[in-house]
2 protein chains.
Amino acid sequence: MKDIKHFLRQNSLRPTKQRVIIANYLFDGVNKHVTAETLSNKLLKMKAGISLATIYNTLHDFYEKGLLKKLMINSERIYFDTNTEHHHHFYSKKDQKLIDINVDMKVNGIPKPPKNKKINKIEVLVHLDN
Amino acid sequence: MKDIKHFLRQNSLRPTKQRVIIANYLFDGVNKHVTAETLSNKLLKMKAGISLATIYNTLHDFYEKGLLKKLMINSERIYFDTNTEHHHHFYSKKDQKLIDINVDMKVNGIPKPPKNKKINKIEVLVHLDN
DNA sequence: ATATCAGTTTAGAATGATTCTAATGTATTG
DNA sequence: CAATACATTAGAATCATTCTAAACTGATAT
C-alpha cells in the first residue's frame, strides 16, 4: 500500500507513528490473520517499540472502522483478519493456523430462522487435522 | 434419564453427588447449551451448593468422555452442547443464544485442503440478528 | 461393616488475555 | 506555535478459567 497516512485519514484515523507502522504491516497486500500476541511478536522483531496496550487499541480501532474482521475461532484469543470480504476458513487446531477459503461455497438446506430473526451471515469453518 | 449413576459408571465416571446432580440436569432429554456461568446460575437456583471449580471440572470430565461437545462461538466464554451429534447452529449475538440446526445441510464447493491435511469436520454457524 | 486409597471436591490463589486508568505525548487546527 | 482533542503508555484491574493442596468420599479388599 502506497500512502498509508492518506489511507488512515480516509478512515478517520489519525496517522500516528504507531498506526502507520501497524497499518503498513497489516495492509501490505498479503492477507493476514493476527492476534494481539502474534502482532506484538512481529513488531518486536521489527524493533517497533509499540506497547501492548497500543496494539490492542489499534486492532480495535481498525476493526471499528471496518478495516479488519474479527474471527471467533477459539476461546483462547481473538483473531483479526485483514481480508474483510465475506469468506470462510480452514482451521488447524494443531498448528493454531487459519487459511482463507476464497472460493464461493454454498450452504444448502438452511432452515428458516426463528420468528423475528433474520440471517445476517453464514460462517463455515472447516476443521483440519493431519 | 433413569439411572444416572449407571450412566456415569458406564462412562468411567464416579457417580459423585455433584456429578449426579449436574448430569441429571444436563442429560434430562432436552438438549442444552451451557457455559460454566449459566450452569452455575441454574445450580444456584436449585440450591445445589456446588463450587465453581467443580462445575468446571465436571464440564471438562464430561467433555473428555464425549458426553458434551465444546463450541467455540465467541471469545468470552466456552459453550458446551449436550447434543454430541454432528450438527450446526444459529447464533444470535444480541441474545447470546445458540439454537441447534438438526436438519442436514450440505456445503458445496469446499476446496482441497492443504497437503498432508484432511478435513476433520465442517462447522456452519448461521449468525442471526433482529 | 470398616479401613484403605485413589479419585473428587473445594476455597482461594494463580494465570493469561484483554481492558481500564490517568498521566504523558503528539497530530491537527486556527 | 499555542491550544486542544485525540493517542500512547505502564501498570493496575478485570474476568473467565485453571491450578493447588488440603479435606472428603466412593469403591474395594479385608
Are B:I119 and A:Y91 connected in the hydrophobic side-chain network, where two residues link if heavy atoms are under 4.5 Å apart?
->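 No, B:I119 does not connect to A:Y91 through the hydrophobic network.
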
Does NZ in A:K70 sit with more than 12 non-hydrogen atoms of other residues, nucleotides or ligands closer than 6.0 Å?
->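 Yes, NZ of A:K70 has more than 12 neighbouring heavy atoms, counting only those of other groups under 6.0 Å.
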
Among [options], which is the nearest nucleotide to the side chain of [X]?
| X | options | value |
| --- | --- | --- |
| B:I78 | C:dT18, D:dT25, D:dT17 | D:dT17 |
| B:R77 | C:dA27, C:dT8, D:dT17 | D:dT17 |
| A:T54 | D:dT9, C:dG7, C:dT18 | D:dT9 |
| A:A53 | D:dA10, C:dT26, D:dT17 | D:dA10 |
| B:R9 | D:dA27, C:dT10, D:dT9 | D:dA27 |
| A:N57 | D:dT8, C:dA6, C:dA17 | D:dT8 |
| A:P15 | D:dT8, D:dA27, C:dA27 | C:dA27 |

Between atom [atom1] in [X] and atom [atom2] in [N], what is the gap in whole Å?
| X | N | atom1 | atom2 | result |
| --- | --- | --- | --- | --- |
| B:R19 | D:dA27 | CZ | P | 10 Å |
| A:I55 | C:dC20 | CD1 | P | 17 Å |
| B:E37 | D:dT18 | CD | P | 15 Å |
| A:Q18 | D:dA10 | CD | P | 10 Å |
| B:L71 | D:dA16 | CG | P | 18 Å |
| A:Y79 | C:dT18 | OH | P | 10 Å |
| B:L8 | C:dT9 | CG | C1' | 15 Å |
| B:I50 | D:dT25 | CD1 | P | 14 Å |

Can you tell me if the side-chain N/O atoms of [X] get under 4.0 Å from OP1 or OP2 in [N]?
| X | N | value |
| --- | --- | --- |
| B:Y56 | D:dT17 | yes |
| B:T35 | D:dA16 | no |
| B:H60 | D:dT17 | no |

ring-ring contact (aromatic ring centres under 6.0 Å, His included) with B:F62: which of B:F7, B:F80, B:F27, B:Y25?
-> B:F27

Toward the 5' end of DNA chain D, by each residue's nearest nucleotide, A:T16 or B:K70 = A:T16

More 5' along DNA chain D: A:G49 or B:A36, using each one's nearest nucleotide?
->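 Comparing both residues, the 5'-ward one is A:G49.
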
Residues at least two apart in sequence or cross-chain that pass salt bridge (Lys or Arg N to Asp or Glu O under 4.0 Å) with B:D95, listed by chain then number, are A:K117

Is there a side-chain contact between B:L59 and B:I55, using heavy atoms and a 4.5 Å cut-off?
->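 In short, these two side chains touch, coming nearer than 4.5 Å.
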
Using a cut-off of 4.0 Å on non-hydrogen atoms, how would the nucleic acid contact of B:E76 be classed: base, sugar-phosphate, or nothing?
->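 Counting heavy atoms under 4.0 Å across all strands, the contact made by B:E76 is with sugar-phosphate only.
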
More 5' along DNA chain C: B:S12 or B:L52, using each one's nearest nucleotide?
-> B:S12

Just by distance, do the side chain of B:D100 and the backbone of B:N102 share a donor-acceptor pair under 3.5 Å?
-> no

